[in-house]
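One structure is given here, and the rest of the page talks about it.
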2 protein chains.
Amino acid sequence: MAVRTLSALAHEGRLSVFRALVKAGPGGMAAGDIARQLKTAANTMSAQLMMLSNAGLIHARRDGRSIIYAVDFEQMSGLLLFLTEDCCGGRAEICAPLAAVATSCCPPKRRQRA
Amino acid sequence: MAVRTLSALAHEGRLSVFRALVKAGPGGMAAGDIARQLKTAANTMSAQLMMLSNAGLIHARRDGRSIIYAVDFEQMSGLLLFLTEDCCGGRAEICAPLAAVATSCCPPKRRQRA
DNA sequence: TATATGTTTCCATAATCCATGAAATATAGA
DNA sequence: TCTATATTTCATGGATTATGGAAACATATA
């Protein structure tokens with residue numbers, strides 16, 4: 001549900017976590033590293049990661065003692081698609097600038113929606 | 001702040017209100033009409049509209065006894081741009097499908113929904 | 001003025017969310 | 001095994017939020 005995803009991002013700390021993970025890329029980051037970088041207590045960070053994970057925005061994998069979190073790019077894409085689908089009901093003035101950004105930052109390869 | 005905007009949408013009722021207003025277009029809808037359509041008490045609806053308004057997602061104008069709410073398309077576009085800007089740090093796999101949707105729904109040629 | 005309609009504000013209650021200390025779990029290495 | 005590191009889970013108090021009844025406010029009409 002979109003509300004769940006939006007709720008997960010509608011929090012200063014969690015949004016920062018998500019951005020850090022986006023910046024980290026597919027390789028992800030260890031929970032502890034995120035906590036240190038954002039100066040957040042380990043258990044608080046754990047709760048925030050749990051929230052993002054439950055929303056499907058990130059996923060975890062274990063690597064030794066660390067647990068690596070990484071953005072689920074498909075889910076992220078899905079949220080954006082939902083929002084654009086929600087907004088594009090015939091109103092080109094909304095997504096025209098969005099289209100401009102999307103096409104300028106991404107290769108001009110056309111991809112079919114899932 | 002993005003958190004404020006995301007928080008405003010991260011609520012079942014408010015998201016429904018916002019979608020109704022998006023569907024209504026620039027002409028907007030009267031507060032009472034939205035309340036009746038969504039079967040919500042007038043005061044509850046008022047609070048939800050206030051929240052969306054404070055987030056800048058909608059704006060109000062008076063028309064006789066009614067108060068008409070309409071989506072602030074610029075703010076809506078801004079949120080989408082923020083989210084895409086946040087996600088597009090070199091990761092074409094995210095916004096490539098987004099670009100496909102944006103470009104397919106916005107050009108004046110095709111306004112057909114998928 | 002009086003009355004009806006549309007919307008908001010006030011208020012109380014219930015529900016939910018958030019951060020943190022403390023304890024528990026999982027892994028690695030000696 | 002013991003100890004250290006990494007992370008999660010539990011319990012709790014405090015803050016915030018959501019809802020709806022009742023009242024107030026704003027407008028229209030007569």
Side-chain angles (χ1 to χ4, degrees), chain A residues 1-21 24 26-72 79, chain B residues 1-21 24 26-72 79:
Chain A
M1 182 164 320
V3 170
R4 194 184 187 86
T5 310
L6 290 166
S7 292
L9 292 176
H11 178 277
E12 199 66 55
R14 293 192 298 261
L15 187 57
S16 298
V17 170
F18 187 73
R19 296 184 101 159
L21 286 178
M29 282 179 83
D33 290 338
I34 310 174
R36 272 182 292 275
Q37 179 178 310
L38 299 181
K39 297 175 174 49
T40 304
N43 51 359
T44 297
M45 177 54 60
S46 181
Q48 296 180 355
L49 289 168
M50 173 84 76
M51 199 101 181
L52 289 169
S53 185
N54 285 340
L57 283 165
I58 65 177
H59 50 74
R61 67 175 189 276
R62 177 172 281 277
D63 176 26
R65 277 178 291 206
S66 296
I67 296 186
I68 312 294
Y69 285 90
V71 171
D72 187 315
L79 172 64
Chain B
M1 174 104 45
V3 169
R4 195 183 186 86
T5 309
L6 289 167
S7 291
L9 292 176
H11 178 277
E12 199 67 56
R14 292 191 299 260
L15 186 56
S16 298
V17 170
F18 186 74
R19 297 185 97 159
L21 287 178
M29 281 179 81
D33 289 338
I34 309 175
R36 274 183 290 275
Q37 178 177 313
L38 299 181
K39 295 176 174 52
T40 304
N43 52 358
T44 297
M45 177 56 59
S46 181
Q48 295 181 356
L49 289 168
M50 174 85 75
M51 199 101 181
L52 289 168
S53 186
N54 286 339
L57 283 166
I58 65 177
H59 50 74
R61 68 176 189 276
R62 175 173 284 277
D63 177 26
R65 277 178 291 206
S66 296
I67 295 185
I68 310 294
Y69 285 90
V71 171
D72 186 314
L79 172 63

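Reminder, nothing fancy here: chain letters follow the sequence lines and each chain counts from 1.
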For B/A8, does its backbone N or O pair with a side-chain atom of B/R14 as donor and acceptor, under 3.5 Å?
yes
For A/L15 and C/dC18, give me the distance from atom CG to atom P, rounded to whole Å.
13 Å
Which heavy atom of B/P26 sits nearest a heavy atom of B/A70, and at what distance?
O-CB, 3.7 Å
Considering every strand and a 4.0 Å limit on heavy-atom distances, what is the contact class for A/E12: base, sugar-phosphate, or nothing?
nothing
side-chain contact (heavy atoms from CB on, under 4.5 Å) involving A/A42 - partner list, sequence neighbours excluded
none
Salt bridge (charged side-chain N to carboxylate O under 4.0 Å, His left out) pairs touching residues 54-65 of chain B, sequence neighbours excluded, are none
Which parts of residues 28-43 of chain A get close to DNA chain C, meaning a heavy atom less than 4.0 angstrom away?
A/N43
Quick one, which residues of residues 55-64 of chain B touch DNA chain D with a heavy atom under 4.0 Å?
B/R62, B/G64
Tell me, please, which residues at least two apart from B/A47 pass side-chain contact (heavy atoms from CB on, under 4.5 Å).
none
Taking only N and O in the side chain of A/Q48, is any of them less than 4.0 Å away from OP1 or OP2 of C/dC18?
no
Between B/R65 and A/G13, which has a closest nucleotide on DNA chain C that is more 5'?
B/R65
side-chain contact (heavy atoms from CB on, under 4.5 Å) involving A/T44 - partner list, sequence neighbours excluded
A/T40, A/A41, A/Q48
Taking only residues at least two apart or on different chains, which pairs with a member in residues 2-12 of chain A satisfy salt bridge (charged side-chain N to carboxylate O under 4.0 Å, His left out)?
none
Compare side-chain N and O positions of B/S46 against OP1 and OP2 of C/dT8 and report whether any pair is under 4.0 Å apart.
yes
Can you run down the salt bridge (charged side-chain N to carboxylate O under 4.0 Å, His left out) pairs that involve residues 26-48 of chain A, sequence neighbours left out, and say none if there aren't any?
A/D33-A/R36
In Å and rounded to the nearest 0.5 Å, what is the CG to OH distance from B/L49 to B/Y69?
5.0 Å
So what does B/T44 touch, heavy atoms closer than 4.0 Å: a base, only the sugar-phosphate, or nothing?
base
Would you mind classifying the nucleic acid contact of B/M45 as base, sugar-phosphate or nothing, using non-hydrogen atoms under 4.0 angstrom?
nothing
Close side-chain approach of A/L52 and A/V71, heavy atoms under 4.5 Å
no
side-chain contact (heavy atoms from CB on, under 4.5 Å) partners of B/A35, counting only residues at least two apart:
B/M45
Output the rounded distance in Å from NE2 (A/H11) to P (C/dT16).
18 Å
Could you give the start and end, 5' to 3', of the contact zone on DNA chain D for chain B, using atoms under 4.0 Å from its heavy atoms?
D/dA18 to D/dA28
